[in-house]
Structures are given as C-alpha cells and as structure tokens.
Amino acid sequence: MSAKQHLYLVDGSSYIFRAYHRLPPLTNPEGTPVGAVYGYTTMLWKLAEDLDKATGPTHLAVILDKDGTSFRNEIYDQYKANRPPPPEDLVPQFPLIRDATRAFSLPCIEEQGLEADDLIASYARAAARQGWDVTIVSSDKDLMQLVSEGSEGVGSIDMLDTMKNQRIGIPEVVEKFGVPPELVGDVLALMGDSVDNVPGIFGIGPKTATKLIQDYGSLDAALDAAEGMKPSKLRDRLLEGREAAAISRVLVTLKEDAPLPQPLDEFKLDGVPKEPLAAFLEKHGFTSLLRRLDAGAGSPSRTTDLNPAKQDTAGAPAAQGSEGNRQPMPEWPAIDHAAYECVQSAEQLDAWIARALAARVVAVDTETRTLDAVTGDLVGVSLCVGPGEACYIPLAHGGTDMFAEKPAMVPMDVALAALKPLLENDAVLKIGQNIKYDINVLARHGITVAPIDDTMVISFALDAGRGEEGIGGGHGMDELARRHLGHECIAFKDVCGTGQKQISFAEVPLDRATAYAAEDAEVTWRLWKLLKPRLAIEGGTRVYEQVDRPLVPVVAAMEREGIKVDRAALARLSEQFATRMAAVESEIHEIAGAPFTIGSPKQLGEVLFEKLGYKGGRKGKSGQYSTDQAVLEGLAAQGAPIANKVLEYRQLAKLKSTYTDALQAAINPLTGRVHTSYSLVGAQTGRLSSTDPNLQNIPIRTEIGREIRKAFVAEDGCVLLAADYSQIELRLAAHMADVDTLKQAFAKGEDIHAATAREMYGEVTRDTRAAAKTINFAILYGISRWGLAGRLGVEADEAQAMIDRYFQRFPGIQRYIATTLESVRERGYSETLFGRKTWFPRIASANQTERQGSERAAINAPIQGTSADIIKRAMARMLPALRDAGLKDVRMLLQVHDELVFELPQGDVAAAKPVIERVMAEAALPSVKLDVPLGVETGTGTSWDEAH
DNA sequence: AAGGTCACG
DNA sequence: GACGTACGTGACCTTG
C-alpha cells in the first residue's frame with residue numbers, strides 16, 4: 001500500500017438537504033423524522049467502506065455550518081436573505097447529523113462565523129500543501145473552485161458526488177463551467193446565485209458569464225473591456241454591474257486561510273468502533289444497517305460445512321443431459337466443503353502456489369465486492385489443483401472495512417505479489433469459468449493472466465443451442481455443474497442474499513466465503529477435466545483454438561478500454577426529448593379526450609380500437625390489441641392523426657430511457673468512460689452480445705437517433721475509426737451456396753442488390769432494387785412466402801413466384817438450404833466454415849411452428865456464425881498486427897457484429913487504416929479460402945457518427 | 001416475471 | 001384448413 005494520505009472532507013450541511021429531498025419521510029421509533037439522517041448515515045457507511053481502496057480515505061472529517069450567518073453577512077446584508085427556512089421536518093434532523101457523525105467516531109468540525117465551505121477550503125488547501133490528496137464529498141458548485149491537480153509535493157483536490165456516484169475533477173469542472181477551476185469564481189461572480197442571493201450582474205446568466213470569462217480571461221479583464229465594446233445591452237449591463245460584480249466576487253471567494261480548529265492528523269481513520277454505532281442505529285430503527293454491522297465483523301475460523309441440508313452427491317453418477325452429452329463420471333469423491341482451506345498466512349499461500357506450479361494446471365476464481373469487473377474491487381481469490389484440493393485466499397474481508405476487527409489475512413499486496421508469477425507463468429494453465437472476468441479484475445492489479453482456458457467457452461464450443469425442455473442449455477457454472485457433475489452449487493444468493501438485504505462478498509464470514517469460493521474453483525476444475533477432452537473427440541478444437549480462446553483476453557482488454565461519451569450532449573438531448581414528449585403527450589391526450597398512459601400497450605389499444613373506433617384486430621394469446629409500429633403506421637395511412645403522434649412519442653421515450661438517460665448513468669466514475677460487457681456465449685450462432693449497457697444497438701437508422709451516436713467521441717487529439725465488413729453475410733452466402741452470378745458480382749465490386757434486381761427483373765429501378773434487397777435478406781433468414789409477402793406488401797402467391805424465380809436464377813441457394821437442413825436433421829447441429837456447431841434439438845419437432853422456426857434458424861446459423869468467426873479472428877490478430885506495424889497507441893474499443901471501432905491518435909490514421917483493412921479482409925485465411933473477397937469500409941471522425 | 005415494444009446487425 | 005408470419009440479440013416499460 002502506498003503511503004499517500006488521502007483526506008476526505010464531507011460537506012455535511014449540503015448533503016443533508018439533498019438527502020432530505022431524495023428520501024421518503026422516514027421516522028424513527030420515537031416518531032422523530034430521520035429520512036435525511038438515514039441518507040447521511042448510509043453515505044458515511046459507503047465512504048468508510050472504501051477505506052482500503054486506492055482512492056479511498058485515510059483521513060476523514062465532516063464539516064458543518066454552525067448557523068445561518070457568516071462574515072459574508074457583514075459584507076452584504078442580503079446574503080442568503082431570500083433563502084426559505086428549512087422544511088419543518090428537516091429542522092429536528094440537524095442535531096442528529098452530529099449524533100450520526102459521532103456514532104461513526106468521526107470528527108465533526110464547525111466554526112462560528114465561517115461557512116462549511118470556508119472550513120473545507122482551508123482544510124483542503126492545508127492538506128494539499130503537505131502533499132495529501134483531498135476529496136471533497138459534495139456537489140456544491142462553489143467548492144468546484146478548489147479542484148486542482150497535484151504537483152510536486154502538493155496533493156490533488158477533487159470532489160465526489162455520492163448521490164450520482166460521480167467524481168468531479170478538472171474535466172468535469174470545465175464541462176460544467178467552460179473554464180478551469182481557478183476561473184470558476186469569476187464566472188460565479190458574473191452570473192450570481194439566486195439561492196444564496198449573490199447578486200451577480202443583472203441580465204447575465206451562466207452562458208454569457210462563461211463566454212465572457214473565456215473571451216477575456218478573467219472577471220477584471222472582462223469588466224475593463226466593457227468600455228471599449230460596441231454599444232449593446234451587454235456593455236451597459238457590464239458597466240452598470242461593476243460594483244455588484246465586485247461584491248459578488250468577494251461573496252463567492254472561499255476563505256482558504258481560516259485557522260484550523262482541529263489539526264489534520266486527528267482526522268486519521270483507524271477503524272470504527274462498533275458500540276456507539278450500533279447504539280445509534282438501534283435508536284433510530286436503522287435495522288438493515290444494524291444487520292450489516294452484525295454480519296460484517298464475523299470472526300473467521302476454520303471452514304465448516306455451509307449448509308448441511310444441501311449436502312450433495314457429486315461422486316455419484318447424476319442425471320445427464322441430452323443424448324451425446326453423456327460422459328463417464330470420473331471416480332471423484334463428492335465435493336466436500338469442509339475440505340477447503342482458508343489461506344490466512346503467507347506460509348499457507350506459498351504452499352498453495354507450489355502445489356499449483358507442480359500441477360501445471362490450476363483453476364482460478366476471483367471474488368469481488370460488486371459484480372463489475374472494471375470497478376468491482378477484489379475481495380479474494382480461490383484456487384483448485386485437483387478434486388478436493390481447493391483453497392480460498394481472503395484479501396479484503398471483514399465486512400465493511402471500517403471495523404477494527406478484521407480476520408487474519410495475507411495483506412493484499414503481499415498475496416498478489418506472490419500470486420503474480422504463478423498467474424503469469426507460461427508453463428501453468430489457468431482455468432476459469434468466464435475467466436474474462438477474472439482477467440479484468442486482476443489486470444487492475446497489474447497481473448496479466450496467461451495462458452488460459454475457459455470452461456464456459458469450451459461448453460459453448462461443444463453445446464451451443466443444446467438446451468431442451470427441462471434441461472437447461474446455458475453455460476453458467478451452476479447449470480454446468482448440475483448437468484455434468486450432478487452437483488448443486490452453493491447459490492450466490494444463499495451466501496449474499498438478494499435485493500435490499502444483499503451484502504457484499506466481503507461481508508460474508510470467512511467460513512461461508514471459503515465454502516462458496518473454493519467450491520467454484522473446484523467445480524471449474526472438474527468441469528475442465530470433463531469438457532476439455534470432448535473438444536478433440538467431438539471436433540470442437542478448431543473453433544475453440546482458432547477463434548474463441550484467443551479472443552478471450554482481447555475482449556477483456558476492450559471492456560477495460562471503454563469508450564468516451566459526451567455527458568453534456570446526452571443531457572441536452574434528454575432535456576430536448578423530455579420537452580417534446582410532454583408536448584406530444586398532451587396532444588395525444590387531447591385527441592383521446594382523456595389522459596391515459598401512452599406507454600401502456602393495453603391502455604393504448606383500448607383508446608385506439610374501442611374509444612376512437614379504429615379498425616385493427618386483436619392478436620396474440622393474451623387477447624390484447626397489438627399497437628406496434630406496423631399497426632400504427634397502418635392507422636396513420638387510414639388517416640388517424642393520433643397514430644403518428646404515438647409513434648413519435650414512442651421513439652422519444654425509447655431514445656431517452658434506453659440511451660440518453662441510461663448512457664449518462666453508465667459512465668464509470670473512475671475512468672470517465674462507458675464499459676460494456678461482452679458475452680462470448682450470448683448468441684447461439686457464435687456472435688458476441690453486449691450488455692450493461694448494450695453498445696451494439698446504439699441508434700443509427702434515423703436522424704434523431706444518430707444524435708446519440710454523436711455523443712460517442714474520441715479523446716482529445718484522437719479520432720474514432722470505424723471499420724465495417726460490407727455485406728459480409730451475403731458474400732458468405734454466395735460462397736457457401738456456391739452461386740456463380742453472386743460471386744462474380746462481388747468479385748467485380750458491383751452493387752449486389754442491383755445485380756440481384758437485374759438478374760430477377762431484367763432491369764434495375766429503385767423499386768426492383770428495393771425488392772431485391774428484401775429478398776436477399778429473406779434468403780439469409782430462411783424464407784417463407786408469407787414473411788416475404790408481408791415485407792413486400794404483396795400477396796403470398798406473388799411472393800412465392802418471386803422466391804421460385806430467385807431459386808431459378810440462383811440455383812445454388814436452394815441446394816444450400818436443402819443440404820443444410822438435411823445435415824441438421826441427421827446430425828442435430830449446423831456448422832460454420834470454421835467448425836462451430838449450433839445445435840437444433842427442435843428440428844424434428846411435431847409442432848410445426850416450432851419445427852419451421854428451427855429450420856429458419858438452421859439456415860441462418862452457418863452464415864451468421866461464419867461471419868462471427870471471421871470478425872473474431874480479425875479481432876484476435878488486430879493489436880499484434882498494429883504493433884508489428886509500429887502502431888502502439890491504437891485502441892480497439894467496440895465490436896458490433898460486422899464493425900470494429902478503434903480510437904487512435906489523429907496522426908496514426910494513415911498508417912493504421914491499411915493494417916486494419918488488411919487484417920479484417922484476410923481474417924478467414926489461411927484456414928478458409930473464400931471464393932469472394934471480403935470488402936471493408938472505414939471512416940474516421942471525432943464521433944462515432946462521423947466515423948460512419 | 002412476463003409480455004410488448006423497439007434499438008442494432 | 002389452421003398455424004403465424006424472417007435470423008440473431010438486450011433494455012425498458014407496464015402490468016400482474
């Protein structure tokens with residue numbers, strides 16, 4: 001651990017106002033209102049929990065306002081004069097804030113004649129001068145003046161908004177005010193503050209104030225320049241407002257040299273004694289926190305069996321999955337939680353590392369505070385080297401870290417230093433279940449885990465799509481253990497609970513934590529023993545080794561990179577959307593004659609089809625009216641004015657909730673970027689999927705949606721480069737179905753839809769090209785006459801005629817469909833050009849709908865799956881190829897099925913572009929030689945939108 | 001938790 | 001003649 005001191009100064013007064021407005025009006029058992037106090041208590045709790053984090057506090061104090069008045073009232077008697085009195089039920093909570101602070105045994109500072117802001121400023125500067133970093137826990141804009149970078153011998157000062165969980169550094173201040181922190185006071189002096197009744201200059205708001213300071217460099221310079229400005233309202237206001245500005249400047253200036261009532265050293269944090277806190281929590285009825293307090297400090301001892309009622313029988317043969325999934329069960333003893341060792345000393349740890357080195361194969365699993373690999377802090381590591389030979393190494397247990405009683409643990413830095421050579425050792429294979437997660441967690445501690453195997457990815461290579469009725473088809477550990485080992489894993493929720501009562505893994509007592517974590521490692525080890533040999537036997541080695549395994553660390557790195565988004569731009573869009581939605585909403589209510597919930601399909605259906613009497617039938621088993629886009633467009637064509645308004649409302653609601661609001665919330669406070677999580681086993685065809693947030697469905701098809709893409713931006717000095725495969729699935733279809741005309745058209749670089757139109761209709765017009773495009777896609781998806789008819793707006797028999805003609809002109813297609821289905825019926829799975837299997841257990845279903853659905857999916861899977869294989873190979877080769885070309889600063893950020901997005905210095909574009917295009921175009925080689933070229937199109941720009 | 005809707009390739 | 005209406009995803013909202 002570094003010796004760097006980090007002081008947290010909590011702006012208690014401002015916090016309590018915000019907590020009051022945000023929380024329900026709770027009362028304690030005596031009837032005293034305590035909602036804001038509760039919010040305040042949970043905030044302190046969270047801060048204390050961060051104690052051991054790199055950015056967490058070593059010192060902490062709470063700063064409060066003494067009373068309403070300060071030296072500023074002597075300067076300007078109207079200061080804070082128009083502030084309304086605090087709400088009645090907040091008043092009795094003020095003294096409780098002091099009680100709460102004392103209950104945490106934290107210092108609480110207040111001083112007559114000074115505002116909390118002044119004390120905070122003075123303490124922050126004093127601490128920074130002696131080299132400490134400082135975090136001010138507040139979102140008060142006045143305090144943003146203090147934010148500063150550290151320098152030689154001087155610590156940094158930043159802010160933390162605990163409600164938004166956002167760190168405020170210089171970039172955030174610049175984003176808010178348009179000027180760096182040292183000029184914030186000048187901006188504030190010009191614009192004033194109605195809440196504090198700082199006058200500012202009449203008629204100058206934040207926009208103008210920022211512009212003036214940006215243009216002239218300071219308040220004084222702006223005021224001095226007024227004289228020489230051309231006559232304008234602004235000039236008059238500046239000249240008249242000179243004095244008001246001067247007073248305002250003094251009012252917004254923080255006193256940075258106040259005497260410190262208590263020396264900094266006394267703010268040192270070393271554990272929170274439980275007793276006063278417990279008494280406080282009990283008194284006010286904060287039972288959930290009380291439970292966490294009790295649970296948190298459990299003293300670890302030897303491991304015991306977690307839950308005797310759930311004793312498993314892993315040694316015995318268990319129910320197996322579908323046919324072909326059957327495995328001889330190795331003669332292993334049943335999984336025994338009592339056999340696990342909890343590693344609490346360096347000697348024990350060294351012994352385990354030696355065992356792993358000797359075994360050359362070790363299953364590894366990490367436990368974290370939250371389920372987020374990019375920010376979830378490491379809590380412990382478990383290892384397994386054989387059946388019954390597993391351990392758990394707790395690294396950050398002891399419940400919330402503020403409590404003095406922590407279990408004996410090898411210090412995290414010591415343990416990681418010992419584990420690093422093992423985890424990075426080329427000669428030792430590290431096995432994980434979804435090891436991408438562990439790679440990311442450990443990467444944050446400077447450990448590059450390699451080489452690796454992943455039981456989840458192996459399972460996917462073997463059994464994608466294989467789930468059947470009653471037999472799960474997933475690749476999660478609990479499910480795999482059930483399916484292959486006949487073992488019921490300890491459920492995470494049995495260890496940590498769920499919902500409101502969920503606790504962090506760090507708070508789990510060591511005996512239970514060891515049983516759970518070591519079991520995960522052992523189950524992973526056993527699964528690997530069973531599944532890995534199947535790859536060679538069942539033909540999964542090729543896709544696993546050539547496509548999926550190399551991809552794991554690559555995708556992990558992309559997740560860690562994240563992408564920058566422009567929070568302010570999204571916020572502006574959210575606001576625009578909200579305004580427009582409100583307007584459209586009232587128009588809709590007007591037409592409907594009464595307000596209703598537009599977002600409820602049920603209510604909307606009733607309004608449209610009963611109240612307003614439009615035609616449009618029921619549909620679906622639920623008997624509900626359908627109100628989807630197609631239906632509404634139909635109504636609009638009938639001349640229903642409400643339909644287009646509902647469509648607009650829906651679009652805005654979608655964009656706002658799913659994108660502009662959600663993406664702001666997804667910005668990681670530590671990195672300032674958005675980090676998606678990719679699933680390598682999410683799509684049956686082998687595609688990746690993206691979650692939390694999904695960055696594979698960012699709008700692009702409409703003008704208004706594209707505004708959101710503009711908010712995905714490059715860092716200063718960099719650009720985004722987007723590289724797309726052009727028509728890759730159609731190219732693959734042409735190759736796989738061996739369609740000469742299509743292959744030739746691609747070879748000549750023709751417009752493929754136009755070529756299709758010429759082939760089918762003899763001439764290319766806008767209409768025939770559009771129809772051809774629809775048919776081309778229909779082919780990829782498994783065609784039906786009704787589906788095509790619906791899309792083209794023609795009768796089914798006409799659609800059938802077009803399909804017949806398509807098959808006649810492109811005979812290979814029909815043959816491809818027939819042989820693919822034949823093979824899937826016979827073998828049960830389809831295959832990509834790289835040997836990826838997708839299983840179709842319902843391909844022979846007696847249920848026609850089900851069977852036909854499987855058939856369409858089976859036609860599509862080899863094409864979609866081969867495309868996925870190819871881009872995955874390109875991804876795995878990309879960064880090494882760029883490095884070989886001397887390009888070390890190109891970062892690969894996103895994958896969207898046929899597109900890769902990079903961030904790179906502007907100056908590297910010319911060199912990087914041909915490398916990226918070549919790697920993508922040649923990604924199938926040498927394993928597969930395609931008859932068609934793979935076209936790649938690239939674009940660059942400062943935003944993702946521009947890069948298209 | 002399920003159903004409806006809609007964003008993407 | 002009825003069935004349900006193209007492949008693959010994930011997120012959000014309302015309702016039960």
Side-chain angles (χ1 to χ4, degrees), chain A residues 464-465 596-605 619-632 646-647 649-663 665-666 676-679 681-702 704-706 708-709 724-730 733 774-792 796 799 803 817 830 838 840 847-865 867-868 871 894-900 944:
Chain A
F596 67 99
T597 308
I598 304 166
S600 163
K602 187 163 172 281
Q603 291 184 37
L604 178 63
K619 129 173 157 179
K621 316 149 221 145
S622 54
Q624 218 181 287
Y625 294 110
S626 169
T627 65
D628 67 14
Q629 215 163 20
V631 170
L632 289 169
V646 172
L647 283 168
Y649 180 88
R650 283 239 183 99
Q651 179 184 36
L652 293 167
K654 176 83 173 181
L655 295 178
K656 182 168 186 293
S657 68
T658 308
Y659 301 104
T660 57
D661 288 350
L663 283 171
T676 184
S677 174
Y678 288 104
S679 171
V681 302
Q684 309 295 347
T685 53
R687 275 189 175 180
L688 302 187
S689 71
S690 160
T691 59
D692 201 23
N694 183 353
L695 296 186
Q696 290 181 322
N697 71 347
I698 302 302
I700 192 169
R701 291 171 185 171
T702 65
I704 183 163
R706 269 206 297 280
I708 291 160
R709 243 169 220 248
D724 287 59
Y725 281 113
S726 147
Q727 309 284 10
I728 187 169
E729 292 194 5
L730 266 181
T774 301
I775 299 169
N776 275 330
F777 278 105
I779 295 299
L780 299 179
Y781 297 148
I783 200 163
S784 81
R785 78 189 76 169
W786 298 281
L788 185 61
R791 294 279 159 149
L792 289 176
I803 294 167
I817 291 172
S830 71
T838 302
F840 293 93
N847 176 331
Q848 186 177 224
T849 310
E850 210 171 79
R851 185 177 67 247
Q852 289 177 339
S854 286
E855 287 174 356
R856 290 193 296 269
I859 291 165
N860 177 252
I863 299 168
Q864 188 182 113
S867 163
I871 195 167
L894 301 178
Q895 189 251 44
V896 193
H897 311 307
D898 64 356
E899 170 186 8
L900 295 173
W944 195 3

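Every chain is numbered from 1, with letters handed out A, B, ... down the list of sequences.
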Using atom P of each nucleotide, how far apart are B:dG3 and C:dG4 to the nearest Å?
-> 15 Å
Using a 4.0 Å heavy-atom cut-off across all strands, classify A:L780 as base, sugar-phosphate, or nothing.
-> nothing
For DNA chain C, which consecutive runs of 3 or more Watson-Crick or G-U pairs (each distance under 3.5 Å) count as stems?
-> B:1-9 with C:7-15
Can you sort out the partners of A:E855 under salt bridge (Lys or Arg N to Asp or Glu O under 4.0 Å), two or more places apart, ordered by chain and number?
-> A:R825
Base, sugar-phosphate alone, or nothing: which one does A:R856 contact when heavy atoms must sit under 4.0 Å apart?
-> sugar-phosphate
Could you tell me whether A:I700 contacts a base, only the sugar-phosphate backbone, or nothing, with contacts defined as non-hydrogen atoms closer than 4.0 Å?
-> sugar-phosphate
Heavy-atom nearest pair, A:T838 first then A:T685, reads OG1-CA, 4.0 Å
Which part of the nucleic acid, if any, lies within reach of A:G599 when heavy atoms closer than 4.0 Å are counted: base, sugar-phosphate only, or nothing?
-> sugar-phosphate
May I ask you to test the A:H897-A:Q895 pair for a side-chain heavy-atom distance under 4.5 Å?
-> yes
Do A:Q848 and C:dC3 share a donor-acceptor pair, side chain to base, under 3.5 Å?
-> yes
Side-chain atoms of A:A683 come closest, of B:dT5, B:dA7, C:dG8, to C:dG8
Remember a base hit wins even if backbone is also touched, and classify A:Q603 as base, sugar-phosphate or nothing at under 4.0 Å, heavy atoms.
-> sugar-phosphate
With rounding to whole Å, what would you report as the distance between C:dC3 and B:dC8 at their C1' atoms?
-> 30 Å
Looking at every strand, decide which applies to A:A861 at a 4.0 Å heavy-atom threshold: base, sugar-phosphate, or nothing.
-> nothing
Residue pair A:L788/A:A662 against DNA chain C: nearer the 5' end by closest nucleotide is A:L788
Just checking A:R701: base, sugar-phosphate only, or nothing, at a heavy-atom cut-off of under 4.0 Å?
-> base
Of A:L900, A:V896, A:L688, which is the lone residue that meets side chain to side chain contact (heavy atoms under 4.5 Å, CB included) with A:I871?
-> A:L900
Considering only atom P, compute the distance from B:dC6 to C:dT5 and round it to an integer number of Å.
-> 16 Å
Stacking check: are the rings of A:W786 and C:dT5 less than 5.5 Å apart at their centres and under 30 degrees in tilt?
-> no
How is A:N694 classified with respect to the nucleic acid when contacts are heavy atoms under 4.0 Å: base, sugar-phosphate, or nothing?
-> sugar-phosphate
A:Q629 near the nucleic acid: base, sugar-phosphate alone, or nothing, with a heavy-atom cut-off under 4.0 Å?
-> sugar-phosphate
